**Student:** 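First the structure, then my questions, so here it is.
Nothing here was measured: the structure is a model prediction, and the numbers come from that model. Chain letters run A, B, ... following the sequence lines, proteins first and then strands; every chain starts at 1.
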Protein chains: 2
Amino acid sequence: MRKSTKTTKKDFNKDNILNQGVAMLMKQGYHGTGLQKVLDAVNIPKGSFYNYFEDKEHFGAEVIQYYIDPFLKQLAAHLNNSDTDALGAIQRYFDELIEELERNNFKGGCLLGNLMGEIGDTSDICQASLQTAVNRYRDLLQSGLKKAQDQGAVRKDKTAGSMADLLINTWQGALLRAKIEKTSAPVLQCCQELLGNYFKS
Amino acid sequence: MRKSTKTTKKDFNKDNILNQGVAMLMKQGYHGTGLQKVLDAVNIPKGSFYNYFEDKEHFGAEVIQYYIDPFLKQLAAHLNNSDTDALGAIQRYFDELIEELERNNFKGGCLLGNLMGEIGDTSDICQASLQTAVNRYRDLLQSGLKKAQDQGAVRKDKTAGSMADLLINTWQGALLRAKIEKTSAPVLQCCQELLGNYFKS
DNA sequence: CAATTTAAGACAACCGGTCGTATTATAATT
DNA sequence: AATTATAATACGACCGGTTGTCTTAAATTG
């Protein structure tokens with residue numbers, strides 16, 4: 001077995017752990033998720049965990065990045081696919097998120113929001129990871145709103161950055177409400193009020 | 001010792017547990033907080049816990065109500081003390097929250113938000129408690145905004161209820177951001193954009 | 001003294017993390 | 001090219017400690 005092949009297998013295992021980690025941290029939170037359960041689910045022995053990760057905290061930090069990546073790709077795809085209408089692209093992106101939220105019966109929500117609340121101020125390592133994850137998300141959203149501004153769809157008396165922040169924050173809060181009230185009304189309101197009203201020029 | 005006295009003492013103990021519960025659930029979350037630690041901190045034997053609460057879940061549900069009560073009183077006080085300017089009262093209330101947040105170096109945030117994220121979809125009992133807590137908060141905020149509408153300070157083309165929801169949600173999201181970025185910028189922005197701009201007539 | 005409340009301790013399950021060792025792959029040396 | 005030395009990875013048993021909950025007995029009550 002050559003080096004490339006082996007590296008691939010190790011990455012495959014690590015991906016499996018991260019994948020399962022996303023799912024379980026999402027459902028049960030950080031302290032509610034035991035490493036044993038994660039590893040059992042992907043048939044990897046307990047002792048092997050520390051070959052892949054330094055400890056649980058670093059594992060959590062990596063899960064955060066692994067989680068947010070697809071969302072960035074999804075939003076970027078929308079922004080690229082319809083670059084004649086950036087505001088519409090953003091709206092369609094959030095519509096997709098809402099659809100998935102409904103499909104999951106409002107369970108889980110956003111891992112970033114959940115972990116910010118649970119360990120955002122107790123684990124330095126995860127806090128740093130959360131910062132970069134949120135910043136990457138914010139920057140992409142900002143660039144989309146900037147484009148929408150240039151296209152004349154979004155007001156220019158506010159910076160794209162501040163609107164991106166406001167949108168992210170309201171979205172996070174709305175997700176929490178949606179979760180405990182088991183209705184998509186809060187997230188719908190978030191998009192309608194901000195994207196459909198306040199941000200428009 | 002008469003029955004009334006005894007009941008008082010029991011209530012005193014329970015209050016101590018709840019008080020400590022608020023502090024520890026705030027800092028370490030639900031699954032990160034062991035009952036042992038809570039009881040040790042208030043010098044009540046572990047075996048006595050189930051004299052006060054049915055189980056940990058019900059304990060959490062009671063902590064939630066115990067936590068939100070002072071906030072409702074504080075907001076209500078502001079609304080009553082300056083009933084000539086309801087919008088100003090709301091603003092001053094949130095200013096106080098921001099001051100306390102800074103005093104705590106952005107640690108903790110809001111217990112409701114943290115627990116919504118962590119166990120809002122896994123514990124039915126806590127979910128129900130979170131619902132009523134948030135609803136009570138929302139209703140009070142709604143009545144304040146309604147008053148501000150009647151006073152002509154707040155726009156009337158949106159319902160007070162929808163604005164209360166939007167404010168609460170954005171506030172929650174902003175608190176999460178403030179927590180991981182260790183700055184009050186997000187919560188300041190929340191108040192400025194909504195109370196100082198979007199809601200104004 | 002009977003009834004009820006309080007508390008001590010036991011309980012199994014689980015936690016994150018470490019250990020020595022066995023297996024394998026890479027590098028170095030002939 | 002064959003063999004040896006070195007390192008990396010895989011693995012399961014095990015560590016001390018803690019979890020939430022329950023049983024049972026002591027203390028306190030009316």
Side-chain angles (χ1 to χ4, degrees), chain A residues 1-18 20-21 24-25 27-64 115 118-119 122-126 129, chain B residues 1-18 20-21 23-25 27-64 115 118-119 122-127 129:
Chain A
M1 213 179 240
R2 314 209 52 69
K3 177 188 176 182
S4 61
T5 318
K6 190 192 173 193
T7 309
T8 298
K9 185 191 173 183
K10 178 177 180 178
D11 289 352
F12 172 74
N13 280 344
K14 186 166 180 175
D15 262 30
N16 269 344
I17 301 178
L18 287 172
Q20 191 64 27
M24 297 186 75
L25 287 188
K27 285 186 186 168
Q28 310 169 305
Y30 181 82
H31 288 112
T33 300
L35 296 179
Q36 185 87 257
K37 297 285 175 62
V38 177
L39 295 162
D40 284 354
V42 292
N43 262 45
I44 290 177
K46 178 72 179 296
S48 299
F49 174 81
Y50 292 88
N51 296 326
Y52 297 100
F53 304 97
E54 199 174 326
D55 54 22
K56 194 190 185 186
E57 247 181 301
H58 287 81
F59 164 67
E62 286 204 45
V63 166
I64 288 164
L115 291 187
E118 187 184 356
I119 53 168
T122 51
S123 162
D124 289 344
I125 290 148
C126 289
S129 183
Chain B
M1 214 179 238
R2 313 209 51 68
K3 179 186 178 183
S4 60
T5 318
K6 189 192 172 193
T7 309
T8 298
K9 185 191 171 183
K10 178 173 182 177
D11 288 352
F12 172 76
N13 279 344
K14 185 166 180 175
D15 263 29
N16 270 343
I17 302 178
L18 287 174
Q20 192 64 27
M24 298 187 73
L25 286 187
K27 285 186 186 168
Q28 310 169 303
Y30 182 83
H31 288 111
T33 301
L35 297 179
Q36 181 90 261
K37 299 285 176 61
V38 177
L39 295 162
D40 285 354
V42 291
N43 263 42
I44 290 176
K46 188 177 184 178
S48 301
F49 175 80
Y50 293 89
N51 299 326
Y52 299 98
F53 304 97
E54 199 173 329
D55 54 23
K56 194 189 184 184
E57 245 181 304
H58 287 82
F59 164 66
E62 286 204 46
V63 166
I64 288 164
L115 292 187
E118 188 184 355
I119 53 169
T122 51
S123 161
D124 290 344
I125 289 148
C126 290
Q127 179 180 84
S129 182

**Student:** Identify whether NZ of Lys or CZ of Arg in K14(B) sits under 6.0 Å from the centre of the six-membered ring of F53(B) and within 45° of that ring's axis.
**Tutor:**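 Satisfied, under 6.0 Å and within 45°.
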**Student:** Where the side chain of Q36(B) is defined as all heavy atoms beyond and including C-beta, which of dG17(C), dT21(D), dT19(D) is the nearest nucleotide?
**Tutor:**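 So the nucleotide nearest the side chain must be dT19(D).
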**Student:** Is it true that a side-chain atom of S129(A) and a backbone atom of I64(A) form a donor plus acceptor pair closer than 3.5 Å?
**Tutor:**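 Looks like no, no N/O pair under 3.5 Å.
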**Student:** Determine whether a donor-acceptor pair (N or O, by modelled atom type, separation under 3.5 Å) exists between the side chain of E118(B) and the backbone of Y30(B).
**Tutor:**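 Flag set: sc E118(B) to bb Y30(B) pair under 3.5 Å.
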**Student:** When you match E54(A) and G32(A) each to their closest nucleotide on DNA chain C, which lands nearer the 5' end?
**Tutor:**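 The residue closer to the strand's 5' end, by nearest nucleotide, is G32(A).
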**Student:** Per the atom types in the model, does the base of dG17(C) pair as donor or acceptor with the side chain of K56(A) at under 3.5 Å?
**Tutor:** no
**Student:** I125(B) versus H58(B): any side-chain heavy-atom pair under 4.5 Å?
**Tutor:**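 Heavy-atom side-chain distance check passes, below 4.5 Å.
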**Student:** Using the side-chain heavy atoms of L35(A), tell me which of these nucleotides is nearest: dT19(D), dG16(C), dA10(D).
**Tutor:**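 Ranking dT19(D), dG16(C), dA10(D) by closest atom to the L35(A) side chain puts dG16(C) first.
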**Student:** Nearest-Å distance, CZ (F49(A)) to P (dG17(C))?
**Tutor:** 7 Å
**Student:** Given dA7(C), is OP1 or OP2 found less than 4.0 Å from the side-chain N or O atoms of Y50(B)?
**Tutor:** no
**Student:** Any idea which of dT21(D), dC14(C), dC11(D) is nearest the D55(B) side chain?
**Tutor:** dT21(D)
**Student:** On the nucleotide dA10(D), are OP1 or OP2 found under 4.0 Å from the side-chain N or O atoms that S48(A) carries?
**Tutor:** no
**Student:** Quick check: on DNA chain C, is the nucleotide nearest K37(A) upstream (toward 5') of the one nearest G47(A), or the reverse? Name the residue that is more 5'.
**Tutor:**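 It is K37(A), whose closest nucleotide lies nearer the 5' terminus.
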**Student:** Does any donor-acceptor pair link the side chain of K46(B) with the base of dG20(D) at a separation under 3.5 Å?
**Tutor:** yes
